[in-house]
Amino acid sequence: ETSISDVTRASNLIITLYDASDKKNLQPMHIVGGEGADYRVPIEEMLGENSFQQLHKFGGRDWWLVISPKGGTLGTAHPWFPWIFGVAVFTILFLIGFYIQTIVQRRVYAENLVIERTQSLKASESRVRAIVENIFDGIITINERGIIKSVNPAIKNIFGHTAEYLIGQNVKIITPEPHQSAHDAYLQNYITTGDAKIIGIGREVEGLHANGSTFPIELEVAELWLGDERLFLGVIRDITERKKADKAKSEFVSTVSHELRTPLTSIKGSLGLIRSGTTGELPEKMQSMLDIAYNNSDRLVTLINDILDIEKIEANKMDFHMSPTEVVSLVEEALEANKGYGDEHGVRFILSEGIEEALVEGDKDRLMQVLSNLMSNAAKFSPDGEQVELLVTRNDGNIRVSVKDKGPGITEEFRDVIFEKFTQSDSSDTRQEGGTGLGLSISKAIVDRHRGTLGFDTEADKGTTFYFDLPELSEESEVLPSGASGNGQCRILICEDEEDIATLLKMMLGNAGYQSSVARTAAQAKQLLEKEDFDAMTLDLALPDQDGLALLQELRQKPKTQDLPVIVVSVSAREGQQELNGDAFGVIDWIQKPIEESLLIDRLRLALRQVSGDRPRILHLEDDESVLQIVSSLIADTGDVVAAKTLEEAKNLLERETFDLVLLDLMLPDGDGGDLLPLLNNPGGLSTPVIIFSAKDVSLEMVEHVKAVLIKSQTSNEELLSVIRSAIETSREKKLNG
Ligand code: ADP
């Protein structure tokens, strides 16, 4: 180009190249020598007699090359000019030929490149299309108003609707209630506030099939802009099968765990009996071996119970029996219960700060479980000889319970995952401390269900403080006023923390001609019993400040109340729950809530006429020989045990003889022990009390007919014994008076 410019400058020529393929619109493509002026003139004007024109064909196109003098004429100043002109034209032609070729080659290259790129774009587009069309997951786009803009074929398999049907409809058509009604509001909320509940987060939701059924889906939503239009892209996966598999897995785990409980009960129970010296004096060496065996059976029980707890939490089946709970006495109880564990680790638990009257709404057993877990962790990680402090404080409308240790602290990277299942900072086989890594995740679930928070502060090498905050309950009314003064009437003390139930009981008793007073806590009951005279007492076992059974024991030790007839009125089955789970052991219902009036009055009459009887007879229905043996040696002092190993045997025995109590296993070789309940339950007269002692969880319906449900392996020997004793006591009273 430089050389062409030089020549043209020397010869005063303009060289123009036209792309002549489009004949109607000949525009100059390239101009050389026209500097400073507009020579982009149409070809007709250029083609004067003084110009040179030539048609070239290159790269499938026609090109006009026009060479013309500047100013329109060739000068004649020099005689040799025509020669010079000729040579110049020749040189220029040569150079231009070369030049055109270069331009054309460049253009062809560019065109090829475009074709190539278009082809590869097409290929990748069809690849994407193939993926979208064949992918197993459903892909759907909706606009801001929820209108479906596109779907892939998988959507038809998932929802049963065709693409033609769906496109243009509102996405509600595949969304079941209550999400259906909420969807518009949700979209609107997102668009105005940007507050995303689902965008960018995968979630399990429900889908609505064309046939009207709902099914679980996993949905991931992304937001995208196509030009000015905002779209939402949903990727949908049908997880029905996965859910089924999960359920099967959970059921398997829970069945196995339940099955493990029975033999474990025998092992732990026998070891407990031997260890306590019931079976005779033990050599010292044997004692220490037995301790090891006992502790390990205990660990196994803990593990199984933890696994079952996790299963329950995940299936949302964990029961909570909420009642006003006094936190400091709960912590004191936890101190007592975990003292042994502290001793083992050379650690002392102390209550370093407590506040009075800290009441929360809670499930006492579950909160104890949380406390025990935090305390055992603190003990495990504390240096020998250190103290672990427990504090109960008020914190912004909450009651805070803290467990403070001087251990190694929790490493930065472990902090985020500490509440996850099966996580331990040292998960090597050779780790120092035992445990399952489940404790904190169970504790967190429990605290969450109390509408509280579980958290921790930690500092490397200084220690860790785990705490939970629970909303504080405001102090409720004190002792209710007592009823109208009696004229020779019996006076009954109602010990009940729930106000509604206390009022109900008071009314029922009033109707039957009894006069009553109400105590809302164990402390109030003790105070009233000391000051005044009562003829009987109803007792709720779940009191805020003391366990009802412990109160009963305490009362029995005082001369004034040692013979006081007591009726236990307690919730056995947790209302609203489908299933009574294993943790309900130790619940004794002489009378079930809701309370049936006639029953209450009947029982009360019986209780008021106390009579002692003969040695009680107990029927124990159980197919496991070892459990039979353990139980019979346990209650040898209390009564006579008659064993039955099958349902048939038990039925025969019940026809011929009467028993004061039946101890029932539910899973028997020839049927379900529960089938016996109708035989024992005599609606007209007095029924034989039943205690279910089984590895199987018990249905709510069944619980209504029994005195107590004890789950094997969660029940200690002492508990079993005390439940049996109490049940016999009432049963004897009834029989002799009824
Ligand atoms: P585990 O049954 O193993 O104790 P947890 O869920 O209770 O299960 O605890 C999980 C892990 O958290 C422990 O193994 C330990 O690594 C860490 N951890 C818990 N409490 C403390 C603590 N007070 N100090 C240091 N580490 C702790």
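For the numbers below, each heavy atom of this structure counts, side chains included, while hydrogens, waters and symmetry mates do not. First listed ligand is number 1; within each ligand, the first listed atom is number 1. If you read the sequence from its start, that first residue is 1, and numbering goes on from there.
- Inter-residue side-chain proximity for Val388 and Arg348 is flagged as unmet; no heavy-atom pair is nearer than 4.5 Å.
- Considering backbone and side-chain N/O atoms, Ser441 never comes within less than 3.5 Å of an N/O atom of ligand 1.
- Looking at Ser441, its side chain never comes within 3.5 Å of a backbone N or O of Gly437 through a donor-acceptor pair.
- Aromatic rings of Phe320 and His450 (six-membered ring for Trp) have centroids within the 6.0 Å cut-off, being under it.
- Of all the atoms in ligand 1, the ones that sit under 4.0 Å from a non-hydrogen atom of Asn377 are 4 (O), 5 (P), 7 (O), 9 (O), 19 (C), 20 (N).
- For ligand 1, the atoms closer than 4.0 angstrom to any heavy atom of Ile418 are 12 (O), 17 (C).
- The nearest non-hydrogen atom to atom 6 (O) of ligand 1, considering only Leu303, Leu374, Leu440, comes from Leu440.
- By the 4.5 Å heavy-atom criterion applied to side chains, Leu454 and Phe419 are counted as neighbours.
- In this structure, Ile217 and Glu204 have side chains that are not in contact, with every pair of non-hydrogen atoms separated by 4.5 Å or more.
- For the residue pair Thr393 and Asn395, no side-chain donor N or O sits within less than 3.5 Å of a side-chain acceptor on the partner.
- Every atom of ligand 1 with a heavy atom of Leu438 under 4.0 Å away is listed here by number and element: 6 (O), 8 (O).
- Not close to ligand 1: Phe456, with no non-hydrogen atom less than 4.0 angstrom away.
- Shown in contact with Asp405 at under 4.0 Å from a heavy atom are these atoms of ligand 1, numbered in order with element: 22 (C), 23 (N), 24 (N).
- Using a 4.0 angstrom heavy-atom cutoff, Phe414 counts as in contact with ligand 1.
- When only interatomic distances are considered, the shortest N/O to N/O separation between Ala378 and ligand 1 does not fall below 3.5 Å.
- In this structure the side chain of Val401 reaches within 4.5 angstrom of the side chain of Val331, judged on heavy atoms.
- Ligand 1 has at least one atom lying under 4.0 Å from a heavy atom of Gly437.
- Listed by number with element, the atoms of ligand 1 under 4.0 angstrom from any heavy atom of Thr464 are 24 (N).
- Classification of the Phe456-Phe466 ring pair by plane angle, with boundaries at 30° and 60°, yields tilted.
- When each atom of ligand 1 is checked for a heavy atom of Ile410 under 4.0 Å away, the hits are 25 (C), 26 (N).
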